A.B. asks: 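Got a structure for you, written out below as structure tokens; questions coming shortly.
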There are 2 protein chains.
Amino acid sequence: MADTDDNLAIERADRPSSQRKIAKILAAARAEFFGNGFSASSIEAIAARAGVSKVTIYSWFKTKENLFAEMVKGECAHLSQNFVAENLESKGVREVLIDTAENMLDFLTRDERVRFDRILAAEVSRDPRVGKYFLDNGPRALLQNLATLLQSAMDQGKMQSSDPIASAEMFVGLVKGHLDLLLRYGETINLTASQRRERAARAVDAWMLIHQK
Amino acid sequence: MADTDDNLAIERADRPSSQRKIAKILAAARAEFFGNGFSASSIEAIAARAGVSKVTIYSWFKTKENLFAEMVKGECAHLSQNFVAENLESKGVREVLIDTAENMLDFLTRDERVRFDRILAAEVSRDPRVGKYFLDNGPRALLQNLATLLQSAMDQGKMQSSDPIASAEMFVGLVKGHLDLLLRYGETINLTASQRRERAARAVDAWMLIHQK
DNA sequence: TTTTAATTGAACGTAACCGTTCATTTTTAT
DNA sequence: ATAAAAATGAACGGTTACGTTCAATTAAAA
């Protein structure tokens with residue numbers, strides 16, 4: 001009580017066991033929210049699934065809304081990736097674009113993404129932050145990367161566009177078509193590798209035709 | 001008890017007042033479900049909004065799920081419309097396509113549709129029937145109409161396509177881009193008439209370039 | 001070892017909601 | 001006018017869930 005007395009506001013929130021529990025809680029929250037949506041999921045069920053006391057959840061995440069938002073954040077980080085392929089010089093524009101389109105199609109048809117899309121969109125009206133957060137880290141980033149890629153191709157004198165962002169959006173539209181709609185409304189779509197490649201090639205060829213010099 | 005005694009199983013479900021109440025219930029259900037989603041909406045609130053007893057709701061619609069499904073059915077019928085413009089001969093292909101694209105954009109950006117999209121998609125995992133019902137009456141019909149329009153243009157020798165359905169899907173993709181995504185995740189997008197027309201024209205010109213003869 | 005923080009289980013108060021029952025009243029067809 | 005169906009309000013039982021409190025236990029840092 002004499003020497004080491006001056007450390008009052010100790011915050012040991014990052015104990016290893018706590019970290020582990022928080023991770024488990026988030027994983028359980030993900031599973032529950034994905035399965036039932038926000039309203040139909042209960043903190044109690046999440047606690048049970050995480051093998052954790054309900055009080056623990058409330059001590060780390062103040063409210064149910066908060067827990068959901070944190071889960072979304074983590075999921076965005078997990079889902080966000082760069083679809084745009086590299087090696088423009090060595091592989092040529094068409095190849096790079098096809099690879100990119102294939103990456104997008106692969107991502108689009110993942111069951112995990114479809115569920116995330118459904119749940120998240122439904123909660124946007126309740127909490128608009130989650131929607132904005134997703135847009136900024138997902139679609140916006142993708143569009144920017146695409147526009148950059150397009151600019152590179154233009155710099156090489158291989159294509160032309162008066163509006164790179166609009167062109168990037170067209171690319172997205174051509175690749176997606178209404179696949180996303182079908183998926184969101186419950187259609188089960190399993191593209192084989194060759195089907196995916198063919199669809200990607202069709203979209204890319206159409207897009208290159210539009211932007212040919 | 002002598003003459004008019006043989007009509008036992010009388011079903012007067014179509015009384016004018018009943019019809020009125022059913023309509024009010026459906027309207028209230030629509031408002032509640034659109035505002036809160038399925039789980040977070042209560043039959044009690046719907047009854048209150050409709051100015052109707054809770055028992056009345058249960059007597060016409062057996063369950064909450066049923067009420068939701070009926071509401072969706074009505075909404076599908078209300079939302080489904082033919083976007084594809086007519087008068088191919090008198091107006092020319094490009095004009096007809098632009099009108100069609102404008103119709104789609106107009107529909108796409110309607111607040112009502114955005115909310116419907118969010119709610120319905122979220123409930124697909126709970127009841128896949130609603131998703132199928134919507135797909136059949138919405139996107140599928142649109143795609144068929146587009147393919148027919150394209151075929152007409154081809155018959156006139158003005159365009160070409162090896163796969164009309166795929167071409168129709170490209171058209172949809174070009175028009176939508178990722179507008180639907182932005183809208184679903186809470187972006188407020190208000191296209192002016194000229195913005196809408198310009199976007200429609202861009203999409204149509206690109207599409208015609210792809211399918212030129 | 002001692003001290004501090006994290007965790008737990010159980011219980012609590014409160015509230016909402018589903019779906020049903022019933023006696024009563026209102027509406028409508030005949 | 002009368003008989004049948006529809007609608008109502010109130011109440012009920014049962015369930016589920018949120019978020020909190022508290023005393024007791026466990027884990028980790030110093």
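The structure presented is a predicted model; accordingly, all values stated were derived computationally and were not measured. Atom set for the values below is all heavy atoms of this structure, side chains included, hydrogens, waters and symmetry mates excluded. Just so we're on the same page: letters track the sequence lines, and every chain starts at 1.
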A.B. asks: Of B/K64 and A/V52, whose closest DNA chain C nucleotide lies nearer the 5' terminus?
C.D. replies: A/V52
A.B. asks: What is the distance from CD of A/Q19 to P of C/dA5, rounded to the nearest Å?
C.D. replies: 17 Å
A.B. asks: Side-chain N or O of B/W60 versus OP1/OP2 of D/dA6: is the shortest distance under 4.0 Å?
C.D. replies: no
A.B. asks: Does any part of the side chain of B/Q144, heavy atoms only, come nearer than 4.5 Å to the side chain of B/I165, both counted from C-beta?
C.D. replies: yes
A.B. asks: Taking it one step at a time, do A/D117 and B/Y185 satisfy side-chain hydrogen bond (donor to acceptor under 3.5 Å, both in side chains)?
C.D. replies: CA-CA 9 Å; A/D117 188 31; B/Y185 286 102; 2.2 Å; yes
A.B. asks: Rounded to the nearest Å, what distance is computed from the CD1 atom of residue B/I57 to the P atom of nucleotide C/dC18?
C.D. replies: 10 Å
A.B. asks: Return the orientation label for the A/F38 and A/F68 ring planes: parallel under 30°, perpendicular over 60°, tilted otherwise.
C.D. replies: perpendicular
A.B. asks: What is the distance from CZ of B/F68 to C1' of C/dC18, rounded to the nearest Å?
C.D. replies: 18 Å
A.B. asks: Of all of residues 35-48 of chain A, which get a heavy atom below 4.0 angstrom from DNA chain D, listed by number?
C.D. replies: A/S41, A/S42, A/I43, A/E44
A.B. asks: Under 4.0 Å from OP1 or OP2 of C/dA6: is there any side-chain N or O of A/T56 that close?
C.D. replies: no
A.B. asks: What is the separation between atom CD on B/E32 and atom C1' on C/dC17, rounded to the nearest whole Å?
C.D. replies: 13 Å
A.B. asks: Aromatic rings A/F116 and A/F34: how do their planes relate, parallel, tilted or perpendicular, breaks at 30° and 60°?
C.D. replies: tilted
A.B. asks: Please determine whether side-chain hydrogen bond (donor to acceptor under 3.5 Å, both in side chains) holds for the pair B/S161 and B/S167, giving the CA-CA distance in whole Å, both sets of side-chain angles, and the decisive distance to 0.1 Å.
C.D. replies: CA-CA 7 Å; B/S161 165; B/S167 293; 2.6 Å; yes
A.B. asks: Considering only D/dA7, D/dC18, C/dT8, which nucleotide approaches the side chain of A/S53 most closely?
C.D. replies: C/dT8
A.B. asks: Is there any protein nitrogen or oxygen under 3.5 Å from a nitrogen or oxygen in nucleotides 22-25 of chain D, and what are the pairs?
C.D. replies:
none

A.B. asks: How many Å lie between CZ on B/R20 and P on D/dA6, as a whole number?
C.D. replies: 15 Å
A.B. asks: Indicate yes or no: at least one non-hydrogen side-chain atom of B/I119 is less than 4.5 angstrom from one of B/V72.
C.D. replies: no
A.B. asks: Looking at C/dG19, does its base get a donor-acceptor pair with the side chain of B/K54 below 3.5 Å?
C.D. replies: yes
A.B. asks: Check step by step if side chain to side chain contact (heavy atoms under 4.5 Å, CB included) holds for A/L97 and A/L149.
C.D. replies: CA-CA 9 Å; A/L97 287 177; A/L149 173 64; 3.6 Å; yes
A.B. asks: Checking contacts here: which listed nucleotide (C/dT28, D/dT20, C/dT7) is nearest the side-chain heavy atoms of A/Y58?
C.D. replies: D/dT20
A.B. asks: To the nearest Å, how far apart are B/E65 CD and C/dC17 P?
C.D. replies: 15 Å
A.B. asks: Return the value, rounded to whole Å, for the distance between atom NZ of A/K24 and atom P of C/dT7.
C.D. replies: 13 Å
A.B. asks: With under 30° as parallel and over 60° as perpendicular, where do the rings of B/F83 and B/F107 fit, or are they tilted in between?
C.D. replies: tilted
A.B. asks: Has B/K21 got a side-chain N or O lying under 4.0 Å from the OP1 or OP2 atom of D/dT8?
C.D. replies: yes
A.B. asks: Check B/D111 with B/R115, please: is the shortest side-chain N to carboxylate O separation under 4.0 Å?
C.D. replies: yes
